[in-house]
Amino acid sequence: MPLKGFPSLCAKHAPCIISKEETGMAYLIELKGSDLVKAAGQLEASAKVLNRFLSGYQMQYRIIAN
């Protein structure tokens, strides 16, 4: 479900955001080849940018590496 007011400029920060209004959960998902340190940094940057849009959500972070 898309977030209301979510800015399109954040697409470079987080490839995927999944939110459930019913549960108040938001998942930031970073798709990464193998550089997990870079993925963690990108998730952290995403959280900083998106914090004001996700203030009512409990944030969960996921890295999917192949």
Side-chain angles (χ1 to χ4, degrees):
M1 167 180 301
L3 296 172
K4 296 174 186 163
F6 178 71
S8 60
L9 64 95
C10 292
K12 76 173 196 167
H13 293 286
C16 187
I17 298 173
I18 300 171
S19 66
K20 288 198 72 159
E21 290 183 14
E22 304 85 31
T23 62
M25 302 290 289
Y27 296 88
L28 270 63
I29 302 169
E30 180 65 44
L31 307 175
K32 198 46 71 185
S34 61
D35 191 347
L36 299 181
V37 173
K38 184 174 181 180
Q42 288 175 316
L43 280 175
E44 184 176 44
S46 297
K48 287 180 183 176
V49 170
L50 298 171
N51 189 38
R52 68 183 176 129
F53 298 99
L54 299 170
S55 62
Y57 291 87
Q58 180 182 356
M59 303 291 288
Q60 298 288 317
Y61 306 95
R62 302 290 185 265
I63 297 173
I64 300 176
N66 57 353

Notebook entry, point to check: What salt bridge (charged side-chain N to carboxylate O under 4.0 Å, His left out) pairs are there with at least one residue in residues 31-42, not counting sequence neighbours?
Noted result: E30-K32

Check: Mind checking what makes side-chain contact (heavy atoms from CB on, under 4.5 Å) contact with S55, not counting sequence neighbours?
Finding: none

Check: Between A65 and G33, which heavy-atom pair has the shortest distance, and what is it?
Finding: CB-O, 3.6 Å

Next item on the list: Return the minimal non-hydrogen interatomic distance between S46 and L28, and the atom names on each side.
Entry: CB-CD2, 3.5 Å

Next item on the list: Working to the nearest 0.5 Å, report the span between OG of S19 and CD of Q60.
Entry: 13.0 Å

Checklist line | Rounded distance (nearest 0.5 Å) linking atom CG of L43 with atom CD1 of I29 | finding: 9.5 Å

Note to self: Using every non-hydrogen atom in the two residues, find where M25 and Y57 come nearest and quote the distance to one decimal.
What the structure shows: O-CD2, 3.5 Å

Note to self: My understanding is that only residues two or more places apart in sequence, or in another chain, count here; which of them pass side-chain contact (heavy atoms from CB on, under 4.5 Å) with E44?
What the structure shows: K48

